[in-house]
Number of protein chains: 2
Amino acid sequence: MSKEKVTSQQVAELAGVSQSAVSRVYTTGASASKKTTDKVHKAATALGYRPNVLARAMVSGKSRIIGLVVAYLENQFYPDAIEKLSTQLQEKGYHVLIFMPSKTAENIDAVVEEILDYQVEGIIVASVALSSQLADRCRSAGVPVVLFNRSQDGEGLSCVTSDNFSGGAKAARFLLAGGHKKIGYIAGWEGASTQRDREFGFTAALQQEGATLYAREAGDFSMEKASEATRRMFSDDRPDAVFVANDHMAFAVMDTLRFELGLRVPEDVSVISYDDVPAAAWPAYNLTTVRQRANQMVRETVRILMEQILGDGLQGQQIAIGSPVIVRGSARIPEGWNS
Amino acid sequence: MSKEKVTSQQVAELAGVSQSAVSRVYTTGASASKKTTDKVHKAATALGYRPNVLARAMVSGKSRIIGLVVAYLENQFYPDAIEKLSTQLQEKGYHVLIFMPSKTAENIDAVVEEILDYQVEGIIVASVALSSQLADRCRSAGVPVVLFNRSQDGEGLSCVTSDNFSGGAKAARFLLAGGHKKIGYIAGWEGASTQRDREFGFTAALQQEGATLYAREAGDFSMEKASEATRRMFSDDRPDAVFVANDHMAFAVMDTLRFELGLRVPEDVSVISYDDVPAAAWPAYNLTTVRQRANQMVRETVRILMEQILGDGLQGQQIAIGSPVIVRGSARIPEGWNS
DNA sequence: CCTATAATTACATACGTATGCAAAAATTAT
DNA sequence: ATAATTTTTGCATACGTATGTAATTATAGG
């Protein structure tokens with residue numbers, strides 16, 4: 001009762017044509033007369049035939065599969081991105097095979113190897129880095145790789161990020177314009193390029209304005225660590241403003257400030273962060289934040305992949321999407337602020 | 001420079017054995033002597049050989065791919081579930097091909113057809129329903145289907161949900177025990193079995209205690225609609241408690257109550273909902289909610305899939321996981337409440 | 001040391017489709 | 001109407017692997 005597979009051969013027999021005729025009907029760009037096309041379609045619908053993508057992949061070398069590596073689904077930014085990626089790739093006729101590295105060690109390499117086993121036509125690596133050997137391996141296998149929301153040097157590697165440096169700088173100038181004097185920073189995971197670039201941009205802008213960082217703690221992109229960092233940072237002689245490396249941590253920071261330390265946001269402390277995930281707009285947080293334009297990032301990612309898949313061997317591209325400050329209520333709004 | 005494919009044939013030549021020998025070395029349960037195994041492994045690592053999963057799938061009929069259909073990634077419950085599903089399936093040697101139906105029409109059927117084209121060994125359908133024709137199609141193709149967080153009649157269809165009826169009843173008893181007299185309900189999308197069962201359980205328990213529903217509005221599982229529903233429900237002669245069909249809407253309900261209508265939670269209005277997504281525990285919401293035990297739901301889903309894949313043709317199973325009330329601070333806590 | 005048995009191996013084939021090639025049919029030009 | 005050209009078609013083969021079958025080798029038993 002199970003496993004009834006309908007093959008092009010069976011369709012061919014019913015339609016009274018050859019198997020290759022059936023194949024040509026279903027292959028775009030192949031020639032088939034209207035008469036046989038009709039006969040084949042009729043027979044196909046009668047039998048419920050649909051081409052086997054895997055068999056097709058075998059001979060054509062095109063699997064129509066894109067591998068996606070993603071680790072931190074707790075941070076809403078990533079589900080959001082996955083949804084957009086999947087939808088846009090589906091429109092192009094591709095589908096997404098998802099891989100989640102267990103968050104222990106550097107088994108990311110192992111995961112990417114698994115991906116390659118599926119003969120994917122491209123790989124998107126979100127929120128994690130790639131060893132240079134693996135990057136080489138992908139390149140020599142002719143499989144384009146795009147790093148999403150991480151940047152990394154390496155031949156043939158493409159990266160799509162927001163402009164984290166200038167985004168961080170914007171956050172600094174916003175807080176300075178608000179008249180803040182004691183400005184703290186809660187860092188993300190130190191190994192992440194996004195963390196690094198946001199901090200560089202932030203401190204560079206502070207220095208440019210003659211200011212200096214008042215406090216710094218690491219939150220590792222984790223809510224719990226961010227809460228602890230907040231407690232340490234606000235234990236004595238507290239800052240009057242804090243830049244948090246992403247929204248996900250900022251929620252924990254705000255909750256800790258308000259419900260644990262009894263501070264008001266933004267009256268006592270201004271909070272600004274980075275990403276603009278959906279929850280940032282929820283009234284409970286109403287978070288002023290630097291927006292990562294997920295739509296554009298996804299669009300660029302898909303564009304690069306398609307370019308590399310079609311015209312193979314192209315150079316890696318590094319894209320940084322501009323990131324505007326979204327002014328809400330968690331940070332004091334400078335007088336006469338515009339843009 | 002691109003597309004260097006290493007095949008078992010090449011490994012065989014380098015190792016001085018036949019292609020089938022190489023295959024047997026990489027096939028569990030096949031016989032190969034230690035000597036040839038060593039030779040093959042040496043040659044394989046020298047060439048960087050890894051078996052082609054797609055070719056393997058062709059001949060063995062096992063693609064090691066599970067198709068996953070999921071629509072609402074904004075609701076944190078689903079990213080959470082995806083992560084757990086993906087991880088557990090990876091441990092079993094399977095990988096997840098993800099499909100997101102564009103949220104327009106009943107193109108879910110089209111999406112499932114696409115999934116079948118990839119010769120998946122099983123399908124998980126989360127948060128959406130399936131037409132009976134498609135269910136039949138999957139069954140006759142020998143592909144087991146598990147509905148995740150939706151239940152639906154149909155031969156061979158398996159469902160894994162929380163026990164929504166008794167969960168809804170628990171919510172009702174919690175509010176009644178808290179002394180609430182005017183109890184409202186904000187419904188999810190009316191077409192969803194989860195919505196229906198939660199409401200049935202809720203109103204059944206109300207009636208059992210001699211109470212009756214004071215107000216009802218539909219929120220469609222959307223935050224925006226839930227906000228509108230809240231405004232309508234609390235425009236005059238407001239309820240003193242409200243059960244919201246899921247956490248995702250409850251966040252909007254609480255925000256609307258607090259920041260728009262100036263009501264205190266739980267002093268003026270008790271809010272209880274369903275799911276216990278991570279954000280429910282965030283201090284800003286501190287939401288009392290009926291927990292869906294995602295871990296157990298995922299475990300059952302994977303178990304059913306594995307059973308059906310191995311011993312094919314099994315009957316569909318309907319699993320409902322018990323769902324406890326997680327008491328936090330958004331609803332008045334009845335005196336002497338335990339369990 | 002020889003036979004009986006078990007383990008291993010190579011050969012050949014199959015999975016379902018796409019595609020180069022040559023034959024056949026259809027179309028156009030003369 | 002015939003030749004020249006284009007389009008369509010069927011045949012055969014290839015993609016990379018697993019596996020049944022038969023031949024070979026290794027192991028055990030006497």
Side-chain angles (χ1 to χ4, degrees), chain A residues 3-41 43-44 47-65 93 116-121 141-143, chain B residues 3-41 43-44 47-65 93 116-121 141-143:
Chain A
K3 311 273 168 147
E4 86 176 14
K5 290 213 179 188
V6 181
T7 72
S8 58
Q9 184 61 50
Q10 297 174 30
V11 175
E13 284 165 16
L14 180 61
V17 297
S18 70
Q19 179 270 327
S20 50
V22 177
S23 172
R24 279 184 242 269
V25 169
Y26 285 93
T27 307
T28 54
S31 65
S33 72
K34 182 167 183 339
K35 200 165 64 176
T36 48
T37 301
D38 289 346
K39 281 195 294 185
V40 167
H41 274 144
L47 295 175
Y49 169 78
R50 305 200 105 220
N52 180 330
V53 175
L54 267 39
R56 194 171 256 191
M58 277 287 309
V59 47
S60 71
K62 268 80 181 64
S63 64
R64 316 297 287 179
I65 298 178
L116 290 173
D117 295 346
Y118 281 86
Q119 313 300 114
V120 298
E121 294 191 53
V143 177
Chain B
K3 310 274 169 148
E4 89 177 13
K5 289 212 181 187
V6 181
T7 73
S8 57
Q9 184 60 51
Q10 298 173 28
V11 175
E13 284 164 16
L14 181 60
V17 296
S18 72
Q19 179 270 327
S20 52
V22 177
S23 172
R24 280 184 237 272
V25 168
Y26 285 94
T27 307
T28 54
S31 65
S33 72
K34 181 163 182 345
K35 201 167 65 177
T36 48
T37 301
D38 289 345
K39 282 194 294 184
V40 167
H41 274 143
L47 295 175
Y49 170 77
R50 304 199 108 221
N52 180 330
V53 176
L54 266 42
R56 193 171 256 190
M58 277 287 311
V59 46
S60 70
K62 268 81 180 63
S63 64
R64 316 297 288 179
I65 299 178
L116 290 173
D117 295 346
Y118 280 86
Q119 313 300 113
V120 297
E121 294 191 53
V143 177

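Residue numbers start from 1 in every chain, and the chains themselves are labelled A, B, ... in the order their sequence lines are given, proteins ahead of strands. This one's a predicted model, so the numbers in the text were calculated from it and none came from an experiment.
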inquiry  = Quick check on D/dT17: is either OP1 or OP2 less than 4.0 Å from any side-chain nitrogen or oxygen of B/Tyr49?
reply    = yes
Check: A/Ser20/A/Ser23 side-chain N/O donor and acceptor closer than 3.5 Å = no
Output yes when a side-chain donor or acceptor of [X] lies under 3.5 Å from a complementary backbone atom of [Y], and no otherwise.
X       : Y        : result
B/Ser63 : B/Gln119 : yes
A/Thr36 : A/Ala32  : no
B/Gln19 : B/Gln9   : no

key: Positions of residues 7-15 of chain A (non-hydrogen atom under 4.0 Å from DNA chain C), listed by number   =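 Under 4.0 Å from DNA chain C: A/Thr7, A/Ser8.
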Would you mind reading off the distance between [X] atom [atom1] and [N] atom [atom2], rounded to a whole angstrom?
X       : N      : atom1 : atom2 : answer
B/Arg56 : D/dT19 : CZ    : C1'   : 13 Å
A/Gln19 : C/dG16 : CD    : C1'   : 8 Å
A/Lys62 : D/dC15 : NZ    : C1'   : 14 Å
A/Asp38 : D/dT8  : CG    : P     : 13 Å
A/Tyr26 : C/dT19 : OH    : C1'   : 19 Å
B/Leu54 : D/dA14 : CG    : C1'   : 16 Å
A/Arg64 : C/dT17 : CZ    : P     : 16 Å
A/Asn52 : C/dT17 : CG    : C1'   : 8 Å

Euclidean distance, A/Ser8 OG relative to A/Glu13 CD, rounded to 0.5 Å = 10.0 Å
key: Any B/Tyr49 side-chain heavy atom under 4.5 Å of B/Val40 side chain   = no
message = If you define the side chain from C-beta out and look only at heavy atoms, does anything of B/Val22 sit under 4.5 Å from B/Val17?
response = yes
ask   = For B/Lys34, which residues count as a salt bridge (Lys or Arg N to Asp or Glu O under 4.0 Å) partner, sequence neighbours excluded?
value =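 Here the qualifying residues are B/Asp38.
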query = What does nucleotides 4-9 of chain C look like as a protein-contact string, B for base, S for sugar-phosphate only, - for none, at under 4.0 angstrom between heavy atoms?
reply = ----SB
task = Might you work through the side chain to side chain contact (heavy atoms under 4.5 Å, CB included) test for A/Arg64 and A/Glu121, ending with a clear yes or no?
result = CA-CA 7 Å; A/Arg64 316 297 287 179; A/Glu121 294 191 53; 3.8 Å; yes
inquiry  = Return whichever of B/Met58 or B/Thr27 has its heavy-atom-nearest nucleotide of DNA chain D closer to the 5' end.
reply    =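 Checking each residue's closest nucleotide, the 5'-ward one belongs to B/Met58.
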request  = Assign A/Ser23 to base, sugar-phosphate, or nothing according to its heavy-atom contacts below 4.0 angstrom with the strands shown.
outcome  =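 Base, at least one base heavy atom under 4.0 Å.
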